[in-house]
Novice: 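Structure in structure tokens, see below.
Naming convention: chains lettered A, B, ... in sequence-line order (proteins, then strands); numbering from 1 in each chain. Atoms considered below: every heavy atom in the structure, side chains included; atoms not considered: hydrogens, waters and symmetry mates.
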There are 2 protein chains.
Amino acid sequence: MSKAARTKAFIIEKTAPVFNTKGYAGTSINDLSEATGLTKGSIYGNFTSKDDVALAAFDYNLQKVQNVVKSEMSKCTTVLDQLLVYVNVYDNFEKFPFPLGGCPILNTSTEADDTHPELRKRANAAILSWKNALVGLIEKGVKMKELRAQIDAEQTAVAIIALIEGGIMIAKVTGKSSFRKAVMQSVEKMIRGLV
Amino acid sequence: MSKAARTKAFIIEKTAPVFNTKGYAGTSINDLSEATGLTKGSIYGNFTSKDDVALAAFDYNLQKVQNVVKSEMSKCTTVLDQLLVYVNVYDNFEKFPFPLGGCPILNTSTEADDTHPELRKRANAAILSWKNALVGLIEKGVKMKELRAQIDAEQTAVAIIALIEGGIMIAKVTGKSSFRKAVMQSVEKMIRGLV
DNA sequence: TTATAAGCATACCGATCGGTATAATCATAG
DNA sequence: CTATGATTATACCGATCGGTATGCTTATAA
């Protein structure tokens with residue numbers, strides 16, 4: 001790993017939480033300098049623009065979330081347990097290495113949908129792949145006779161994502177994690193209703 | 001109504017959609033000038049700061065949403081129908097005079113939760129009052145024997161809000177209103193499950 | 001060990017940021 | 001119709017914005 005690659009990774013690691021809390025428009029190059037301890041010049045030596053850093057930071061934050069879920073899922077054998085991983089993970093948010101500032105998909109989606117096509121594209125892709133993963137999981141469960149046959153996999157998948165993201169948003173702005181936990185109970189009900 | 005009051009209302013009306021699409025940090029005073037056709041000086045003649053305009057704009061956008069719901073609810077007699085107003089309204093988003101840029105609660109919450117205490121406070125209050133309205137409605141339904149007695153009103157209310165906000169977010173970033181409609185079907189199921 | 005390039009800091013660019021002092025213009029009560 | 005205060009525009013403030021040109025300082029392959 002070259003020096004440049006290491007510095008680049010270092011910058012991403014340090015600035016990702018800043019972008020995820022302050023947002024794209026709310027984050028200045030100066031913020032990136034402060035977060036890394038590097039000067040503006042050295043940041044622009046490794047990235048071509050603020051956009052460039054922001055996109056890499058989003059990818060990093062998203063990876064972090066996906067790693068948590070993937071890691072927990074690998075411990076499960078049944079489809080039901082795999083689906084319940086989401087409940088577990090988002091119910092115990094703080095126990096996992098989650099990105100500072102909450103869910104990057106939620107944050108990036110709401111900021112970028114009207115303002116930043118490239119970031120929006122990434123958030124869009126993240127949602128679609130999440131949804132497809134859920135649909136695949138549910139269909140697998142149906143095939144394995146773990147879940148009922150008459151399930152609308154697509155509708156269920158989108159509802160689960162909406163509940164999770166909505167729950168995160170509510171808990172974050174109210175400062176009450178109990179709201180997130182309440183929503184996760186609804187997610188659990190919904191998942192157990194698939195059996 | 002004095003000239004000043006009319007101008008103030010005019011500024012709010014014209015800038016509210018700008019704040020709701022570009023966000024607080026992403027909106028400049030120059031944007032406000034362009035949106036109103038007024039110069040910076042005259043905006044600061046009616047408001048003390050950018051914050052001042054932003055807060056008023058949020059209130060305006062929130063009012064707009066609440067008016068739609070209130071107006072539709074007044075046409076309903078049963079609690080069930082009143083609850084289903086949310087499904088109807090958010091399913092047919094485009095047919096109602098909704099604020100440009102989507103749900104102001106969602107937009108403001110995700111941007112301001114880590115950055116802007118005053119805006120966050122307002123978004124927080126909006127969520128809580130929405131939740132309380134739902135809880136009140138559900139409890140009324142239980143008392144009137146319209147709904148089952150064993151309902152966890154609080155949990156149901158939070159779940160409905162989470163579904164709606166999550167659904168809006170997903171639909172907005174993907175550009176597929178069908179996702180929002182799918183989520184609203186889940187909300188309808190949830191509500192009909194209360195009977 | 002030394003040549004050479006890659007990596008980083010300093011200093012600067014024009015533009016725009018939020019905000020204000022002051023002058024011109026307008027509405028309105030007497 | 002005029003006086004007066006309220007309202008709006010002009011012009012400007014220092015600070016910060018994203019970005020860059022230019023050197024100094026390192027890492028690294030020969």
Novice: Hey, is the side chain of B/N30 poking within less than 4.0 Å of OP1 or OP2 on C/dT16, counting only N and O atoms?
Specialist: no
Novice: Nearest whole Å is fine: how far is D/dT25 P from A/L38 CG?
Specialist: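 Computing the A/L38:CG to D/dT25:P distance gives 17 Å.
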Novice: So, do B/F98 and B/Y90 have ring centers that fall under 6.0 Å from each other?
Specialist: yes
Novice: Under a 4.0 Å N-O cut-off, is there an ion pair linking A/E188 with A/R192?
Specialist: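 Salt bridge between A/E188 and A/R192, a charged N being under 4.0 Å from a carboxylate O: yes.
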Novice: So does A/K40 reach the base of D/dG19 with its side chain, donor to acceptor, closer than 3.5 Å?
Specialist: yes
Novice: Kindly say if A/S28 contacts the phosphate of D/dC17, meaning a side-chain N or O under 4.0 Å from OP1 or OP2.
Specialist: yes
Novice: On DNA chain D, compare the nucleotides closest to A/Y24 and B/G41; which residue's is nearer the 5' end?
Specialist: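 Residue closer to the 5' terminus by nearest nucleotide: B/G41.
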Novice: OP1, OP2 of D/dT8 versus side-chain N and O of B/N46: anything below 4.0 Å?
Specialist: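 Answer is yes, contact under 4.0 Å.
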Novice: Looking only at side-chain atoms of A/T7, point me to the closest of D/dG18, C/dC8, C/dG19.
Specialist: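 Of the options given, the side chain of A/T7 lies nearest C/dC8.
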Novice: Among D/dG18, C/dG7, C/dT28, which is the nearest nucleotide to the side chain of B/R6?
Specialist: C/dT28
Novice: Have a look at B/S33 and say if it touches a base, only the backbone sugar-phosphate, or nothing, with a 4.0 Å heavy-atom cut-off.
Specialist: nothing
Novice: Whole Å only: how far is the CD1 atom of B/I43 from the P atom of C/dA21?
Specialist: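 Spelled out: CD1 on B/I43 to P on C/dA21 is 18 Å.
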Novice: Remember a base hit wins even if backbone is also touched, and classify A/T39 as base, sugar-phosphate or nothing at under 4.0 Å, heavy atoms.
Specialist: base
Novice: Does a salt bridge link B/K22 with A/D114, judged by any charged N lying under 4.0 Å from a carboxylate O?
Specialist: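 No.
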Novice: Would you indicate whether B/K50, at its atom NZ, is surrounded by more than 12 heavy atoms from other residues, nucleotides or ligands within a distance under 6.0 Å?
Specialist: yes
Novice: Rounded to the nearest angstrom, tell me the gap between atom CZ in B/F10 and atom C1' in D/dT7.
Specialist: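 Rounded to the whole Å, the gap is 15 Å.
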Novice: With the side chain of A/I29 defined as its heavy atoms from C-beta on, choose the nearest nucleotide among D/dG19, D/dA9, C/dG19.
Specialist: D/dG19
Novice: Between B/L32 (CG) and D/dT8 (P), how many Å, whole number?
Specialist: 15 Å
Novice: How is B/T36 classified with respect to the nucleic acid when contacts are heavy atoms under 4.0 Å: base, sugar-phosphate, or nothing?
Specialist: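 B/T36: no heavy atom of the nucleic acid under 4.0 Å.
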Novice: Indicate whether OP1 or OP2 belonging to C/dG18 is found under 4.0 Å from a side-chain N or O atom of B/K50.
Specialist: yes
Novice: Between A/R180 and A/E94, does any NZ, NE, NH1 or NH2 come within less than 4.0 Å of an OD or OE carboxylate oxygen?
Specialist: yes
Novice: Below the 4.0 Å mark, does C/dT20 have OP1 or OP2 next to a side-chain nitrogen or oxygen of B/Y44?
Specialist: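 No.
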Novice: Rounded to the Å, how far apart are A/K22 NZ and D/dC17 C1'?
Specialist: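 Rounded to whole Å, this separation is 13 Å.
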